Amino acid sequence: MVKQAEVNKINLNAIEKKWQKEWEKGKIFQVSEDSKKEKFYCLEMFPYPSSYGLHMGHALNYTIGDIQARFKRMSGFNVLHPMGYDAFGLPAENAAIKAGEHPKDYTLKSMANFVSQQKSLGLSYDWNRMLKTCDPEYYRWNQFFFLKFFEANLAYRKKAAVNWCPKCKTVLANEQVHSGKCWRHEDTDVEIKQLEQWFIKTTDYIEELLKFIENLQWPERIKLMQENWIGKSFGTEINFIINGKKWPIFTTRPDTIYGVTFMVVSAQHPRLMDLVTEGQKKEVQKFLDKIKSVSEKEIEQLEKEGVFTGSYAENPLTNEKVPVYTGNFVIAEYGSGMVMAVPAHDQRDFEFAKKYKIPIKVVIMPSGKKIDAKTMKEAFVDEGILVNSEKFSKLESKKAIDEIANHLESKKLGKKTVNYKMRDWLISRQRYWGTPIPIIYCDKCGIIPVSEKDLPILLPEKVKFGKGNPLATNEDFVNTKCPKCNGKARRETDTMDTFFDSSWYFLRYCDSKNNKEPFDKKKVSYWMPVNQYVGGAEHACMHLIYARFFTKALRDLQFLTFDEPFTKLFNQGMLLGKDGNKMSKSLGNVVNPTDIIEKYGADTLRLYLVSVASPDKDFSWSDEGIDGSFRFVNKVITYFKSVKSGKSTEKIVSKFNKAVKEITEDIDNFRYNLAVIKLREFFEVLGNEESLGVLEGFLKMLSLFCPHIAEEFWHKLGNKTFISLEKWPVADEKKINETFEKQEQQVDSLIGDIRNIINIIKEKQNKEAKKIYLYVLPKEFDIYSESLESIKISLNLEVKIFAVNDKQKYDPQNKSGKAKPGKPAIYIE
RNA sequence: GCGGGGGUGCCGGAGUGGUCAAACGGGCUGGACUUAAGAUCCAGUAGCUUAGUGCUUACACAGGUUCGAAUCCUGUCCCCCGCACCA
């Protein structure tokens, strides 16, 4: 295999380079708006250009997208297929610190490497539109949108309990915290800090974000993930009275209100201190210090802890007074940051009550069983019948939820409400390599937005890394004048989360060179929304939510006229190493696309990546598998070197049209693996001479997967155009003749039968078969006669065929009587 | 815990009520070609049986629906992924 690879290496790589150059020279993938043509916007998630270069997952992602783009282009669409780089971000900055290199240099180098690797894959991008987010011509529009959001009250600053990653040395958005750990550092607990930060009001659009999910043609799984992330829950807000003041709390279980024995307020609650009595101040402070220094422990092991605030809350229905605790398990940002605790019917409250010896009161009985507060080992959280609940006793708990809520509402003691898990998007980052937030702080005038005409606020190159926020080390940057009073002022030194950059890059592609505005509205309204987005599932609750938010916000700011950015989404599966593990350097199972391209060619790699399994499923790399694809590519090359164009048989024409029909459907539905199989099967039946239409049609279909060799042989067949811009073949269904298939099957099974008998007589009777006699029904005589040659060839024996009613037939053992329709009788000697 | 997706031959993986011992690829075995190897081509690849047949066992396991199930239903086991102290 290796030897063969060597032989064809020069050949393939030379062909590939040649056509990549031709495509570039001919600018054939560059597009512009054309009102006469239907557009198709095909987009793959743009990469973060790391210095490691393209990995196999990228190659898979782009191949999947490219096949679709090529298909749509050939099908007559005006296809926008752009590429760019998510060039800001922490890894570059960290690498810079490590290597003593500037993040900019690091990023530009990495990016150049990415571009050349992507080009070597034969991807049909309109490179003319390429964008990089670290370019001031790009990020100035981040700043521009930030200012628009600020004006519209969609960007705001507030002090809040935020997530801090000690390794990244910056705060993170909620979306970037996974199970209490930093998304970039799986071993690092995120700390909760009280900081003043910039937020984007994504929650303003929360209902729309949720509601519009159902119309998206996205994988169900992603839609569900977004739904869960948004986390809408219906409940009741109940007003408890503490120290004479109303403190509303949110609950989904108003049916348990008679079981409240204490309250818990979040340790991060901004008004916590209002509740703490003089006598308890010391205790509470001690507790707060403790949980601050501990950071967010291993979630599963985290014990519920708290301390009494000294205050009591009055239950609005019972007027009972219960103690108010502050606790580490209540989230400040959800609901009202305080909960009513019902230890009998909530596991967390139960544990807390046990720990601090707070009474437990059962108010819901399971049917058929009795539970007792004294002997309970865990909370009873299921449905049951209410007890000890005054006039609501004996109600089913499910009904009681509604009835108690209604009762509270009518007495103005509470109201039905909804709550969401999703919070506003924290975009401040205390790091250098990102878009500066265009804000100035003036002691006199406060928070002043930079004026639009002063954009971009350039990211200064001269900064010191290592101590705190690098941007703060550049005095020239930090010190400025207040635009309002002209007095001394300071610039915001936080930069934007890079997800801000990626939230609208698909809009910029529509008009990536515009230096007057972020994009021309007309151009955007021609190309958008993205018809087909291709990328990994890991962005379900980050990029894909932010981008949807951005689209809606920009729509309301009159920049856009549509609601959703990505009509269809396709998630590719994960490409694992050959050992079945995620490819990683430490496991030594990484396969590098560039190495494979050098050895087998890009066409082989592209073909392989989509032929193993359905592209949305995970699959493992296989060295034998790539060999198999390589063999096919070589067979195609060998075939086209010698094939003559002439006439194809009706059978081939039938098979061709069937292949076209099925492959077209498969590609349309991302069943690339099945399309490849059908293409291979069709290739297998081609003869030494075929009609130009068939040969060209085959090459066109092949060109999605193997564009280079397809282009090469397209030209060898005498064409001067690019196959990449040719018309996709259309199946002529009238020419599909299923009887050919049937006949073929009959002949195949006949050959199988003959072989079987030959083997049997060889083994049982030790006889070599010499001559085969076939007896067929008269009306089938022609069918089998036509196939006689191919039967002879495949058996390599003399074969004679008779109709059963032929009086002259040679039939010494009188086998002809066994003939059945579709099953000729056989005699062998 | 909640939610989602899966478990098919030696392997990767199609197939989601009959035409299935199951596409296609890979591996392996045998044969052809060749001085030889590679490549290529052909055949075989659950078991037994047989002049082309028939039977048995098979699509995680156990039941069920059906004339008929890898495919539908129920239960069990296992694997993967996402979310996770959200009140």
Side-chain angles (χ1 to χ4, degrees), chain A residues 1-4 7-8 178-180 219-225 227-229 231-233 235 249-253 256 263-264 266 296 299-300 302-304 327-331 333-342 345-349 351-352 381 419-423 537-538 540-541 574 578 580 608 611-614 616-629 631-632 634-635 638 671 673-674 676-681 684 745 749-765 767 769 793-796 813 815 818 823-828:
Chain A
M1 197 72 265
V2 173
K3 201 173 165 189
Q4 189 65 23
V7 171
N8 275 299
H178 298 159
S179 310
E220 279 313 305
R221 163 174 95 100
I222 302 293
K223 299 211 276 185
L224 278 162
M225 279 164 78
E227 259 177 61
N228 291 340
W229 184 260
K232 184 176 187 175
S233 61
I249 59 94
F250 177 77
T251 181
T252 53
R253 294 291 304 273
T256 63
M263 309 285 284
V264 187
S266 168
E296 272 210 4
I299 287 287
E300 308 92 271
L302 186 69
E303 207 177 318
K304 300 192 177 25
N328 62 350
F329 66 97
V330 176
I331 292 162
E333 312 288 312
Y334 185 74
S336 52
M338 190 189 301
V339 296
M340 63 177 216
V342 186
H345 305 294
D346 182 286
Q347 189 55 28
R348 292 156 302 183
D349 301 347
E351 285 168 31
F352 196 88
V381 297
N419 247 301
Y420 304 88
K421 286 194 210 177
M422 193 177 101
R423 324 279 154 74
E538 66 274 18
C541 298
M574 247 218 299
K578 55 183 164 190
Y608 170 70
S611 35
V612 181
S614 179
D616 59 341
K617 292 210 171 148
D618 296 351
F619 72 101
S620 301
W621 180 266
S622 145
D623 293 335
E624 289 80 19
I626 189 98
D627 278 350
S629 294
R631 244 171 265 166
F632 176 71
N634 276 310
K635 273 195 229 175
T638 311
R671 296 185 299 246
N673 54 328
L674 300 184
V676 169
I677 286 166
K678 282 161 194 164
L679 194 64
R680 288 179 82 134
E681 280 176 337
E684 290 304 322
Q745 271 172 24
S749 81
L750 174 63
I751 292 170
D753 286 347
I754 296 169
R755 282 219 171 91
N756 198 359
I757 302 172
I758 290 174
N759 285 336
I760 291 164
I761 60 173
K762 195 170 173 185
E763 278 169 33
K764 302 275 158 174
Q765 303 168 16
K767 246 174 35 185
I793 290 166
S794 47
L795 293 171
N796 202 20
Q813 290 194 7
K815 296 276 186 195
K818 288 194 165 186
K823 211 164 174 70
I826 303 163
Y827 173 62
I828 299 178

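These numbers were taken from a predicted model, which means no experiment stands behind them. Letters A, B, ... mirror the listed sequences (proteins, then strands); counts begin at 1.
- B:rC24 sits 12 Å from B:rG15 when the C1' atoms are compared, rounded to a whole Å.
- Regarding contacts with the backbone of B:rG52, every side-chain N or O of A:Ser749 stays at 4.0 angstrom or more from both OP1 and OP2.
- The shortest side-chain heavy-atom distance between A:Ile249 and A:Met263 falls under the 4.5 Å cut-off.
- When the salt bridge (Lys or Arg N to Asp or Glu O under 4.0 Å) test is applied to A:Lys421, no partner is found at least two apart in sequence or on another chain.
- Residue A:Lys421 places no side-chain N or O under 4.0 Å from the OP1 or OP2 atom of B:rA87.
- Between A:Lys823 and B:rU53 there is a side-chain N or O to OP1 or OP2 distance below 4.0 Å.
- Residue-level contact check: A:Thr252 touches the backbone only, with heavy atoms under 4.0 Å from sugar-phosphate atoms and none from bases.
- Nearest to the side-chain atoms of A:Tyr827 among the listed nucleotides B:rA51, B:rG25, B:rG52 stands B:rA51.
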Counting primed atoms plus P, OP1 and OP2 as sugar-phosphate and everything else as base, spell out the protein contacts along nucleotides 3-12 of chain B at 4.0 Å heavy-atom distance: B, S or - for each nucleotide, 5' to 3'.
SS-------S

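- Note that CZ of A:Arg631 and CD1 of A:Ile626 are 11.5 Å apart. Values are rounded to the nearest 0.5 Å.
- Within 4.0 Å (heavy atoms only), A:Pro824 reaches at least one base atom of the nucleic acid.
- Here the side chain of A:His178 is nearest to one of B:rC83, B:rA87, B:rG52, namely B:rC83.
- Across all strands, A:Val330 comes closer than 4.0 Å to base atoms (heavy-atom distances).
- Straight-line distance from the NZ atom of A:Lys678 to the P atom of B:rG15: 9 Å, rounded to whole Å.
- Closest contact between the side chain of A:Ala825 and the listed nucleotides B:rG52, B:rG26, B:rC24 involves B:rG52.
- When the C1' atom is compared between B:rC10 and B:rG5, the two are found 26 Å apart, to the nearest whole Å.
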Could you give me the CA-CA distance, side-chain angles and deciding distance for A:Tyr608 and A:Trp621, then say whether side-chain contact (heavy atoms from CB on, under 4.5 Å) is met?
CA-CA 9 Å; A:Tyr608 170 70; A:Trp621 180 266; 3.4 Å; yes

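- Rounded to whole angstrom, the span from the CD1 atom of A:Ile757 across to the P atom of B:rU53 amounts to 8 Å.
- A heavy-atom distance below 4.5 Å is found between the side chains of A:Asp349 and A:Phe329.
- The C1' atoms of B:rA58 and B:rC20 are separated by 11 Å, rounded to the nearest whole Å.
- Closest to the side chain of A:Trp229, out of B:rG52, B:rC42, B:rC83, is B:rC83.
- Residue contacts for A:Arg423: at a heavy-atom cut-off of 4.0 Å it reaches a base atom on one of the strands shown.
- The pair A:Arg423-A:Glu333 does not count as a salt bridge, with every side-chain nitrogen at least 4.0 angstrom from each carboxylate oxygen.
- Residue A:Ser233 is classed as a sugar-phosphate contact, given heavy-atom separations below 4.0 Å to backbone atoms only.
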A:Tyr334 vs A:Ser266, side-chain contact (heavy atoms from CB on, under 4.5 Å): CA-CA, chis, key distance, verdict
CA-CA 10 Å; A:Tyr334 185 74; A:Ser266 168; over 6 Å; no

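- Considering only the side chain of A:Thr251, B:rA87 comes nearest among B:rA87, B:rA51, B:rA14.
- Straight-line distance between the P atoms of B:rC79 and B:rG44: roughly 39 Å, to the nearest whole Å.
- The C1' atoms of B:rC72 and B:rU66 are separated by 9 Å, rounded to the nearest whole Å.
- Between A:Lys635 and A:Glu684, the closest side-chain pair of non-hydrogen atoms falls below 4.5 Å.
- One atom, CD of A:Gln745, and another, C1' of B:rA23, lie 12 Å apart when rounded to the nearest Å.
- At whole-Å resolution of the value, CG in A:Asp627 and C1' in B:rC24 are 17 Å apart.
- Atom C1' of nucleotide B:rU40 and atom CG of A:Asn634 are separated by 11 Å, given to the nearest angstrom.
- Atom P of B:rC48 sits at a distance of 23 Å from the matching atom of B:rA43, rounded to the whole Å.
- For the C1' atoms, the distance from B:rA39 to B:rC33 is 11 Å, rounded to whole Å.
- A:Lys823 has a carboxylate O that lies under 4.0 Å from a charged side-chain N of A:Asp753, or vice versa, which qualifies the two as a salt bridge.
- Separation of the P atoms belonging to B:rC83 and B:rG38 is 50 Å when rounded to the nearest angstrom.
- Of the inter-residue distances, the one linking A:Glu538 atom CD with A:His178 atom NE2 reads 10.0 Å to the nearest 0.5 angstrom.
- Note that CG of A:Leu679 and CZ of A:Phe632 are 5.0 Å apart. Values are rounded to the nearest 0.5 Å.
- Along RNA chain B, the nucleotide nearest to A:Ile331 and the one nearest to A:Ser614 differ in position, and the one closer to the 5' end is contacted by A:Ser614.
- Separating the CG atom of A:Asp616 from the P atom of B:rG13 is a distance of 12 Å, rounded to the nearest angstrom.
- Proximity note for A:Arg631 (side chain, C-beta onward) versus B:rC41, B:rC83, B:rG26: the nearest is B:rG26.
- Nucleotide B:rA84 holds its C1' atom 13 Å from the OH atom of A:Tyr334, rounded to whole Å.
- For A:Leu674, whose side chain is taken as the heavy atoms from C-beta onward, the closest listed nucleotide among B:rG26, B:rG15, B:rA51 is B:rG15.
- For A:Arg680, the side-chain atoms get nearest to B:rG25 when compared with the rest of B:rU53, B:rC42, B:rG25.
- The existence of a salt bridge linking A:Glu220 and A:Lys223 is confirmed by a sub-4.0 Å separation between a basic side-chain nitrogen and an acidic carboxylate oxygen.
- Residue A:Ile758 is classed as having no contact, given no heavy-atom separation below 4.0 Å to the nucleic acid.
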Encoded 5' to 3' (Watson-Crick or G-U under 3.5 Å; [ ] crossing; | other strand), RNA chain B becomes ((((((((.[[[..)..(.....]]]((((((.......))))))(((.....)))...[[[[[..)....]]]]])))))))....

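- For A:Glu681, the side-chain atoms get nearest to B:rC24 when compared with the rest of B:rG52, B:rA51, B:rC24.
- In this entry the distance linking CG of A:Asn756 with C1' of B:rG54 reads 12 Å, nearest Å.
- Separating the CG atom in A:Asn228 from the CE atom in A:Met422 is a distance of 13.5 Å, to the nearest 0.5 Å.
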